[in-house]
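Read through the structure below, which is laid out as structure tokens, and then see the notes.
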Amino acid sequence: MTIRDDLAALIRNAAEAAMADGALPQVPVPEIVVENPSRPEHGDYATNLPMRLARAARANPLDIAKAIAERIPAEGMLSASEPAPPGFVNFRLDTKWLAEQVAAIKQSGDAFGNLTIGAGKRVQVEFVSANPTGPLTAGNGRGAAIGSVLASVLQAAGYDVQREYLVNDAGTQTEVFGRTLVARYLQLAGKSVEIPADGYPGEYMIDVAKRIRDESTRERADAYANATIEEPPREMVLRGVDIMVEMIRDDIGKLGVEYDAWFRERSLYETNDGTSLYETALQKLRDQHYLVEKEGALWFASSELGEDKDNVVIRSTGKQTYFASDIAYHYEKFLARKFDRVINVWGADHQGHVSRLKTAVQALGVDPSRLEILIYQLVSFRRGEEVVRLSKRSGNIVLMRDIVDEVGRDAARFFFLSRSADSQMEFDLELAKKQSSENPVYYVQYAHARIAGIIANAAERSFSAEGADVSLLAHPAEQALIRKMLQLPELIQLMAERSEPHHLPHYAQELANAFHIFYTECRVLDEEDKSVSAARLALCEAARVALARALSLMGMSAPVKM
RNA sequence: GCGCUUGUAGCUCAGUGGAUAGAGCGCUACCCUGCGGAGGUAGAGGCCGUGGGUUCGAGUCCCGCCAAGCGCGCCA
């Protein structure tokens, strides 16, 4: 339970008590909104419930506010609950109670901020899932940051989270990849062949071909040397995809991302007990009469379910489309693995696919609200004035690993994360490279290093937070820092509920700022006053816990020295 | 043309229908006899794209318009 939840319960009880007393007419109580007022004189929390009740209750909002405020005693965590015009009830947290939270935060340690709202429900976050046909591009970095941090946040909120990468190893792009691979292989063998016009011209394909050549037995190498571009050997393609997956794993590992599962699209077509997931899923649609044949192809009749058009599932060539794979894949997610909630993190270029997939999921008998597709707008990159075009075909491609090598993992993550998924972001590599003190990453990490420095210094000089009287922490800067720390659990709740991890970097900056102000205003280690020193040292330890947690949720390091 | 997203300070961006719209960077002026100055304080800088509407109350919700990005394939 967060402070906000506790308050909401108090407010609801008070409103109901007022109705029971006859102080207010009996009307339905809407959902309680507890907000953080922007002005400090309005307290720490406020509710607008009186204004929301005014119409139904046919009463003056301020009178309602009085009736509610009277029934919420200023005790425990609250030092005040007061009505305010035009119809708010403002709440103030108690100084002493706040001070006591320092001990609680310290004790929570790595678990600080953890919630139980997820109730152990199983949620899958699938992100990046770029085709295994080349290295990850800089743009994939945004999906990686959003997906991995969202997963961490959900975990903190009490969900049972699985991070997944879908390896598209069964579609048209894989075929193109296979043809390119054969071409490169044959070139290595001295044959004069061209890589296909629609193939992947990158040099990495030569390395993949070399590696396959070098690790092959003579027998197999001979067979490969006689392969044709039209019919790439299955083993060679599979091995090529494996090598690409390894490379992708390395790339994304540079950003500090690890997955729980790498799901192979191909596995949807493997038969188990005589039938594949793909066949089962399509049969289910067929049974519902959602599959229709026309123009020689098989279509999903999504227009019957409100879509503006139907979509092809099996081409007239007999080959399934990516959409068919995706239907089977989501059948697998919901009906085989039985995730309660599935979140797919996609780039804006996949937007057009959202609606029909949700429709398909619905047709499979799954409540589409269990599938959330988080679209992030594309990132544009520039080096100073020069705009960098991103395309797998152009030579001027920026790779994810280049970004990480240039600006560092922590900065890359922080940058990618700090804008809402809905807004386009501009990443100036020039600026990111030369960043020093203007980089907010350092501001936040510096705060952590500073705290660590004080704590180390304290140990050397025999200061201890042991048995500290935290009730001494009444200075406004101390109280502000504690307030800020206590916002982390509520922020985790917000981010988990709305799938908005971008609040974390902003919060981390605010927390760091609160610490820097405290540091400037309050001397921690003072030989003249050991008891205040002990209390402030305890506060530092709590601040370190909170800051380290925020950083670790973002997948960033919490340096002790800089 | 249709769909999705966006438009907030010079720049990059926050902003759960609430009370006087914020941060960082940049700019101006300050603060070091003390624990890490990669810090702190103060200031300038806003018709929240635009026109309507809903509401006690709109940057936030709805509609139109303008502008930008992405998509609209039997690619993924």
Side-chain angles (χ1 to χ4, degrees), chain A residues 4 33-39 41-42 46-48 51-52 54-55 61 84-88 90 129-131 133 168 171-174 176 198 265 295-299 308-309 311-323 325-326 347-355 375-378 380 415 418-428 431 435-447 449-458 461 463 494 497-498 500 502-503 505-506 509-510 512-513 515-517 519-527 533 536-537 540 561-562:
Chain A
R4 188 183 298 267
V33 177
V34 180
E35 56 187 17
N36 296 105
S38 46
R39 304 179 58 75
E41 58 267 37
H42 295 143
T47 184
N48 60 5
M51 285 180 285
R52 287 156 60 89
R55 181 185 292 251
F88 293 100
N90 294 334
S129 297
N131 281 334
T133 54
N168 291 115
T172 307
Q173 296 307 318
T174 304
V176 173
D198 61 347
E265 180 186 4
E295 297 160 27
L298 192 65
W299 301 67
D308 49 0
K309 60 180 186 186
N311 296 97
V312 171
V313 175
I314 300 177
R315 298 178 253 244
S316 49
T317 60
K319 172 97 182 158
Q320 80 284 347
T321 61
Y322 175 73
F323 183 44
S325 278
D326 233 5
D349 51 342
H350 290 69
Q351 170 65 238
H353 194 53
V354 172
S355 163
I375 297 290
Y376 62 89
Q377 298 301 310
L378 301 183
S380 55
F415 256 71
S418 56
R419 274 89 177 168
S420 90
D422 283 335
S423 66
Q424 289 162 233
M425 68 176 284
E426 200 167 77
F427 203 131
D428 185 344
L431 188 76
Q435 265 170 1
S436 50
S437 66
E438 68 217 56
N439 191 332
V441 175
Y442 295 127
Y443 180 82
V444 173
Q445 292 185 321
Y446 177 67
R450 211 177 203 188
I451 297 171
I454 293 168
I455 292 172
N457 194 353
R461 293 166 53 191
F463 281 95
L494 176 82
E497 284 172 353
R498 303 189 355 187
E500 290 181 351
H502 74 275
H503 298 293
H506 298 278
Q509 284 181 87
E510 288 168 9
N513 180 239
F515 178 78
H516 286 313
I517 293 171
Y519 176 88
T520 305
E521 305 236 337
C522 304
R523 182 169 181 82
V524 178
L525 306 178
D526 183 356
E527 302 285 352
S533 295
R536 287 180 174 165
L537 191 54
C540 285
K561 259 187 195 165
M562 291 175 68

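A, B, ... follow the sequence lines: proteins, then strands. Residue 1 opens every chain.
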Using Watson-Crick or G-U wobble geometry with both distances below 3.5 Å, tell me the partner of [N], or none.
| N | result |
| --- | --- |
| B/rG22 | B/rC13 |
| B/rG7 | B/rC66 |
| B/rC61 | B/rG53 |
| B/rA38 | none |
| B/rG71 | B/rC2 |

Using a cut-off of 4.0 Å on non-hydrogen atoms, how would the nucleic acid contact of [X] be classed: base, sugar-phosphate, or nothing?
| X | answer |
| --- | --- |
| A/P61 | nothing |
| A/S316 | base |
| A/H516 | sugar-phosphate |
| A/H350 | base |
| A/A449 | base |
| A/L494 | nothing |
| A/N36 | base |
| A/Q377 | base |
| A/E295 | base |
| A/F88 | base |
| A/K309 | sugar-phosphate |
| A/A46 | base |
| A/S420 | sugar-phosphate |
| A/C540 | nothing |

Note, A/S423 side chain near A/Q377 side chain (heavy atom, < 4.5 Å):
no

Between A/F88 and A/H42, is there a side-chain heavy-atom distance shorter than 4.5 Å?
no

Exam field: side chain [X] to backbone [Y], donor-acceptor pair closer than 3.5 Å:
| X | Y | result |
| --- | --- | --- |
| A/T174 | A/N168 | yes |
| A/T321 | A/I314 | no |
| A/H506 | A/S418 | yes |

Can you tell me how far [atom1] in [N] sits from the matching atom in [M], rounded to whole Å?
| N | M | atom1 | value |
| --- | --- | --- | --- |
| B/rG10 | B/rG69 | P | 22 Å |
| B/rU55 | B/rG49 | C1' | 23 Å |
| B/rC47 | B/rG43 | C1' | 23 Å |
| B/rA23 | B/rG45 | C1' | 14 Å |
| B/rG39 | B/rG24 | C1' | 15 Å |

For A/S325 and A/E265, which I'm curious about, is there any donor-acceptor pair between the side chains at under 3.5 Å?
yes

Tell me if the side-chain of A/T321 makes a donor-acceptor pair with the base of B/rC74, cut-off 3.5 Å, by modelled atom types.
no

Counting distance alone, no hydrogens or angles: does the base of B/rA19 have a donor or acceptor under 3.5 Å from a partner atom on the side chain of A/N48?
no

Any side-chain N or O of [X] below 4.0 angstrom from OP1/OP2 of [N]?
| X | N | result |
| --- | --- | --- |
| A/S423 | B/rA14 | yes |
| A/S418 | B/rA14 | no |
| A/Y519 | B/rA38 | no |

Provide, to the nearest angstrom, the distance between the CD atom belonging to A/Q445 and the C1' atom belonging to B/rA38.
11 Å

Could you give the OH-to-C1' distance, from A/Y442 to B/rA38, as a whole number of Å?
9 Å

Take A/R4 and A/E35 through the test salt bridge (Lys or Arg N to Asp or Glu O under 4.0 Å) and record every step on the way to the result.
CA-CA 8 Å; A/R4 188 183 298 267; A/E35 56 187 17; over 6 Å; no

